[in-house]
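We name chains A, B, ... by the order of the sequence lines, and we start the count at 1 in each one.
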Amino acid sequence: MSEALERAVKEIPPKSADLSAWYTAACLKGELVSYSPVRGCVVLRPYGFGLWENLQRELDARFKATGHENAYFPLLIPESLLVKEAEHVEGFAPEVAWVTQGGSEELTERLAIRPTSEAIVGTMYAQWVESYRDLPILINQWANVVRWEKATRPFLRTMEFLWQEGHTAHASAAQAREETLKILDVYRDFAENVAALPVYFGKKSAGERFPGAAETFSIEALMPDGKALQSGTSHDLGQNFARAYDIKFVDADRTIKYAYTTSWGVSWRMLGGLIMAHGDDRGLRIPPKMAPIEAVLIPIVRSNDRRAVEACTSLSARLSDAGFRVRVDARDEQPGWKYSEWDVRGVPVRIEIGPRDVEAQTVVMARRDRDKGEPGQRESIALDDVPTALRETLADIQRSLYAQAKAFLEAHTYVTTGRDEFFDLCRTRAGMVDIAWCERAECEANVKAATAATTRVVRPLAEIGLACVACGEPAKARAYFAQSY
RNA sequence: CGGGGCGUGGCUCAGCUUGGUAGAGCGCUUCGUUCGGGACGAAGAGGUCGCACGUUCAAAUCGUGUCGCCCCGACCA
């Protein structure tokens, strides 16, 4: 390795040595985000926003396909509205930012910058709903929210973040529960099939529940350091918010009822999960379906021969027409320099065209998911075959990244019946620890105090008569325990 | 919010102990030669040392405060 390359590579510390340092460097060097002058707030740069746009496109299509529409509600929420649901306000109080002044005037009522929008949405739904015929309301909003966080990291936890929040209202508990689970499955599908993140999914314990919810469900991914990342949540709010915000309707049986509402969200935190799960020592590895640039075309020119630039430009046009997201990198830099830079940025496929290729009507296609020198990492293919080969290669990279993450999740999931082993696994961040559990808040608190791990999701118990692995009381469910982000 | 670390050209850092008015490498600009895994030559530009106050004839350097970033913990959906 040349001296210059060694130096460049050191800009990103090895992922295995220090995941935190690697993660921050990968986000910054990959040009996804920049720190801003505002504490805890990052600038999402064009490449990072491209990732977000792909998340939006894929999720939005799934929301539309399940009958939802987009709308937009105000950023500012009057305090009097926010405080209507007691548990909700109590849960969010420590992290709400307030507007207390407009221009030079002190406000008579302070305005919360939304930490989430149940309050304002609920208030509006109360106005819109009169009859069971007005239900369900199925609305999603793409928005920013602010939560006054004490410690922040790009994507994983920022004071202001982008997300989508769905808010629905239904005429029956069954319909609300069905909606909650339907969205959970949309999230699972997106995480696994688009972000290439295998997840565990299920109900949250009472202690991990969204403030004010009747039941919370989530998808949980596993990061390389053995910590879980809650990547999407879907809440069955029961009638709690309908009561607080007075969302009532006359049902078919002519009685007045409170609606059943749900809310659900995925934020740019999912991008953090994708970055951490798939990246390697060279930097990012973006799953093709999420990649702002699926393939970068790099011409190799000679001072007396610039035909490669032409070849790249015309191939790029063909690929764009065929629906691929491609870019030509014709900057005046060494090819090797460009390879490294696009490696850092995680572009799934690189297409090199040099004078030899121009003569032979071929290209060299290199894939980011394999290491340098690994079989199939870099292959020469006929120019005419590029669209087909690219489509297949992208699909294969998508599969391969998912398979690697899936193998990691499975290798770091432990089913145990031994109390000591359970505590050790939790304490050492071994991964997802699957036990029969009593579902008692006190038990979860004890485990947390001893190991820093909490339940991630809880599923029904198949067998009967089991004891809780953590405390010995009768088990009522199976639960994955892990430390979490 | 507690413990620890760090803020010096765009980046990585040296200089601080023992105050004397700022350096290196990379990057950047221009021109030329190059180009199949981070090229080379020549000539240039760029920093009131995070910010504020204090001590001093004199502060990147000493003191206090403050803002921000990183790590660990607590808290957090």
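For K372(A) and G37(B), the NZ to P distance is 10 Å, given to the nearest whole Å. One atom, CH2 of W337(A), and another, C1' of A39(B), lie 13 Å apart when rounded to the nearest Å. Atoms CD (E31(A)) and C1' (G27(B)) sit 13 Å apart, rounded to a whole Å. Between the C1' atom of G37(B) and the CZ atom of R368(A) lies a distance of 13 Å, rounded to the nearest Å. Here the P atom of nucleotide G38(B) and the CG atom of D332(A) are 16 Å apart, to the nearest Å.
When heavy atoms are screened at a 4.0 angstrom cut-off, R350(A) is found touching base atoms of the nucleic acid. Using a 4.0 Å heavy-atom cutoff across all strands shown, G40(A) reaches sugar-phosphate atoms only and no base atom. At a threshold of 4.0 angstrom between heavy atoms, the contacts of Q377(A) include nucleobase atoms, whether or not backbone atoms are also involved.
For residues 354-364 of chain A, proximity to RNA chain B is found at G354(A), P355(A), R356(A), D357(A), V364(A), defined as any non-hydrogen atom under 4.0 angstrom from a strand atom. Contacts of residues 292-316 of chain A with RNA chain B (heavy atom under 4.0 Å): I300(A), V301(A), R302(A), S303(A).
In this structure, G44(B) and C28(B) make a Watson-Crick or G-U wobble pair, each of the two defining distances being under 3.5 angstrom. A 3.5 Å limit on both hydrogen-bonding distances identifies no Watson-Crick or G-U partner for C35(B). Remark: C69(B) base-pairs with G5(B). Criterion, Watson-Crick or G-U wobble with two distances under 3.5 Å. Under the Watson-Crick or G-U wobble criterion, with both distances below 3.5 Å, U64(B) is paired with A52(B). The base-pairing partner of C57(B), taking Watson-Crick or G-U wobble contacts with both distances under 3.5 Å, is G20(B).
When only modelled atom types and interatomic distance are considered, S234(A) and T180(A) share no side-chain donor-acceptor pair under 3.5 Å.
When the side-chain nitrogen and oxygen atoms of Q334(A) are compared with OP1 and OP2 of G38(B), none of them lie within a distance under 4.0 Å. Checking the phosphate oxygens (OP1, OP2) of C70(B), a side-chain nitrogen or oxygen of Y35(A) falls inside 4.0 Å.
Note on E439(A) versus K476(A): no salt bridge recorded, every NZ/NE/NH1/NH2 to OD/OE distance being 4.0 Å or above. R440(A) and E442(A) are joined by a salt bridge, as a carboxylate oxygen and a charged side-chain nitrogen come within less than 4.0 angstrom of each other. With salt bridges taken as basic N to acidic carboxylate O contacts below 4.0 Å, one links E79(A) and R110(A). Salt-bridge check for R459(A) with D434(A): passed, with a basic side-chain N closer than 4.0 Å to an acidic carboxylate O. Salt bridge absent: E87(A) and R209(A) never bring a charged side-chain N and a carboxylate O closer than 4.0 Å. We find that E444(A) and K448(A) are not joined by a salt bridge, their nearest charged nitrogen and carboxylate oxygen being 4.0 Å or further apart. With salt bridges taken as basic N to acidic carboxylate O contacts below 4.0 Å, none links D185(A) and K182(A). Using a cut-off of 4.0 Å between Lys/Arg side-chain N and Asp/Glu carboxylate O, R370(A) and D396(A) are scored as salt-bridged.
Straight-line distance between the C1' atoms of G7(B) and G47(B): roughly 14 Å, to the nearest whole Å. Taking atom P in both G54(B) and A60(B), one finds a spacing of 15 Å when rounded to whole Å.
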Where do N or O atoms of nucleotides 5-13 of chain B meet protein N or O atoms at under 3.5 Å, pair by pair?
none

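Of the possible polar contacts, none joining the Y260(A) side chain to the D236(A) backbone as a donor-acceptor pair under 3.5 Å is found.
Both C41(A) and E352(A) lie near RNA chain B, and the one whose nearest nucleotide falls closer to the 5' end is E352(A). With RNA chain B read from its 5' end, the first of the two nearest nucleotides for D343(A) and V38(A) is the one closest to D343(A).
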Dump the intermediate steps for ring-ring contact (aromatic ring centres under 6.0 Å, His included) on Y125(A) and H167(A), then the final yes or no.
CA-CA 10 Å; Y125(A) 282 11; H167(A) 297 274; 7.2 Å; no
Working for ring-ring contact (aromatic ring centres under 6.0 Å, His included), residues F210(A) and F92(A)
CA-CA 10 Å; F210(A) 177 75; F92(A) 278 103; 5.7 Å; yes
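Taking CG of L383(A) as the reference point, atom OG1 of T362(A) lies at 8.0 Å (rounded to 0.5 Å).
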Under 3.5 Å, sequence neighbours excluded: what are the donor-acceptor pairs made by side chains of residues 218-225 of chain A?
{"unit_1": "S218(A)", "atom_1": "OG", "unit_2": "E220(A)", "atom_2": "OE2", "d": "2.7"}
{"unit_1": "E220(A)", "atom_1": "OE1", "unit_2": "R456(A)", "atom_2": "NE", "d": "3.2"}
{"unit_1": "E220(A)", "atom_1": "OE2", "unit_2": "K204(A)", "atom_2": "NZ", "d": "2.6"}
{"unit_1": "D225(A)", "atom_1": "OD1", "unit_2": "K227(A)", "atom_2": "N", "d": "3.1"}
{"unit_1": "D225(A)", "atom_1": "OD2", "unit_2": "Y485(A)", "atom_2": "OH", "d": "2.6"}

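Considering only the side chain of E333(A), C28(B) comes nearest among C28(B), G36(B), G37(B).
For the side chain to side chain contact (heavy atoms under 4.5 Å, CB included) test, residues two or more places apart in sequence or in another chain that qualify with A244(A) are K84(A), E85(A).
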Per-nt protein contacts along nucleotides 71-77 of chain B (heavy atom under 4.0 Å; B base, S backbone sugar-phosphate only, - none) come out as SSSBSBB
